[in-house]
Amino acid sequence: MFPKEQPLEVEIGAGDGSFLIAYAKAHPELNLIGLERLLGRLRKIDRKARRASLENIRLLRLEAAYFVQYMLPRECVRAFHIYFPDPWPKRRHWKNRLINEAFTRTLHNALAPGGIVYLRTDDKPYFTQMLEVFGNNPTFEKIETPPELLKVVTDFERNFHLRGVATNHATYRKR
């Protein structure tokens, strides 16, 4: 898939590509897959990547849980970046949230030893759920998010900060 064999990281829900493009520029030593369900967003990211001559980005239009569970080989991903997934704010819709107990097990299988999951959201109840499901999974340990990573923001995050909306972040490492 990539011109060079390098460690792989995956952004689930790449949005307009703000994070993915900036991160790929800063880390040419990584191969990055951006996963997004909306075709228009993928086309926008592709244009940005081509303009920047980035060869370390590949894009996929696919449902995240399916991709991680069935298409990634075991222990092949160095890190997952999951920023501002749909919070499904109505209680009756919480079952649709991406981050749940089953998905933590799926991520664990795809992560290389010592692999990392980076999370960000503005939705406090969803963040509480994220902390709970990862905290209840003994195969992950909570670690500090690197400050330099927090400086690379998504389009959603930039808009939240401009409006004064707080964002939450957490990082978990595979044991």
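As a basis for the values below, the full set of heavy atoms in this structure was taken, side chains included, without hydrogen atoms, waters or symmetry mates.
- Side-chain contact check for N168 versus K124: some heavy-atom pair is nearer than 4.5 Å.
- If you look at F19 and H81, their ring centroids are closer than 6.0 Å.
- Salt-bridge annotation for R61 and E36: absent, with no side-chain N of the basic residue lying under 4.0 Å from a carboxylate O of the acidic one.
- With rounding to the nearest 0.5 Å, the separation of OH in Y126 from CZ in F84 is 12.5 Å.
- Side-chain N/O atoms of D123 and T121 include no donor and acceptor closer than 3.5 Å.
- Here the side chain of K174 pairs no donor or acceptor atom with the backbone of G115 at under 3.5 angstrom.
- For the residue pair A14 and G34, the shortest heavy atom distance occurs at CB-CA, 4.3 Å.
- For the pair R175 and F140, the cation-pi criterion (under 6.0 Å, within 45° of the ring axis) is not fulfilled.
- For the pair R78 and L8, the minimum side-chain heavy-atom distance is 4.5 Å or more.
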Step by step, would you call L150 with R120 a side-chain contact (heavy atoms from CB on, under 4.5 Å)?
CA-CA 10 Å; L150 292 174; R120 296 184 202 173; 4.1 Å; yes
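- Hydrophobic clustering, with ILVMFWY side chains joined whenever heavy atoms are under 4.5 angstrom apart, groups F2 together with V77.
- The shortest non-hydrogen separation linking A170 to L131 is CB-CD2, 3.8 Å.
- To the nearest 0.5 Å, atom CG of residue N56 and atom CD1 of residue I33 are 11.5 Å apart.
- In the displayed structure, E5 atom CD is contacted under 6.0 Å by at most 12 heavy atoms of other residues, nucleotides or ligands.
- Placement of L119 and L107 within a single hydrophobic cluster is found when ILVMFWY residues are connected by side-chain heavy-atom separations under 4.5 Å, directly or transitively.
- For R158, the CZ atom sits in a packed shell: over 12 heavy atoms of surrounding residues, nucleotides or ligands are nearer than 6.0 Å.
- Atom OH of Y70 is separated from atom OG1 of T106 by 8.0 Å, given to the nearest 0.5 angstrom.
- Taking the six-membered ring where the residue is Trp, F156 and F160 present parallel rings, their angle staying beneath 30° rather than reaching 60°.
- More than 12 non-hydrogen atoms from other residues, nucleotides or ligands lie less than 6.0 angstrom from CD of E63.
- Across all non-hydrogen atoms, the minimal contact from P7 to E29 is CD-O, 3.5 Å.
- Residue L60 is not grouped with residue L32 when hydrophobic side chains (ILVMFWY) are merged at heavy-atom distances under 4.5 angstrom, including chains of intermediate members.
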Can you check side chain to side chain donor-acceptor pair (under 3.5 Å) on T104 and N137, steps first, answer last?
CA-CA 7 Å; T104 64; N137 186 326; 3.0 Å; yes
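- Follow the hydrophobic side-chain contacts under 4.5 Å out from V133 and you reach I82 in the same cluster.
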What's the verdict on side-chain contact (heavy atoms from CB on, under 4.5 Å) for I12 and F103, showing C-alpha distance, side-chain angles and the deciding distance?
CA-CA 12 Å; I12 295 178; F103 193 60; 3.9 Å; yes
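- Two different hydrophobic clusters hold I99 and I116 under the rule that ILVMFWY side chains link at heavy-atom gaps under 4.5 Å.
- Heavy atoms of other residues, nucleotides or ligands lying less than 6.0 angstrom from CD of E144 number 12 at most.
- Under a 3.5 Å cut-off, the side chain of R97 and the backbone N or O of D86 do not form any donor-acceptor pair.
- For Y172 and Y118, the distance between ring centers is not under 6.0 angstrom.
- By the 6.0 Å contact criterion, NZ on K48 is enclosed, its count of non-hydrogen atoms from other residues, nucleotides or ligands being greater than 12.
- Going from atom NE2 of H27 over to atom OH of Y23 covers 4.5 Å, rounded to the nearest 0.5 Å.
- A donor-acceptor pair under 3.5 Å links the side-chain atoms of N136 to the main chain of E132, judged by distance alone.
- When all heavy atoms of V68 and A110 are compared, the pair lying nearest together is CG1-CB, 4.0 Å.
- Among all heavy-atom pairs drawn from L20 and E11, the shortest one is CB-OE1, 3.3 Å.
- Across all their heavy atoms, L35 and A64 have their closest contact at CD2-CA, 3.6 Å.
- Side chain of N31 to main chain of I57: no donor-acceptor pair is present (N/O by atom type, distance under 3.5 Å, no hydrogens or angles).
- Taking a cutoff of 4.0 Å between a charged side-chain nitrogen and a carboxylate oxygen, K4 and E55 do not qualify as a salt bridge.
- For the atom pair L54 CG and K25 NZ, the distance stands at 6.5 Å (nearest 0.5 Å).
- For the atom pair CD (Q129) and CZ (F134), the distance works out to 10.5 Å, reported to the nearest 0.5 Å.
- Remark: the backbone N or O of P89 is paired with a side-chain donor or acceptor of W94 at under 3.5 angstrom.
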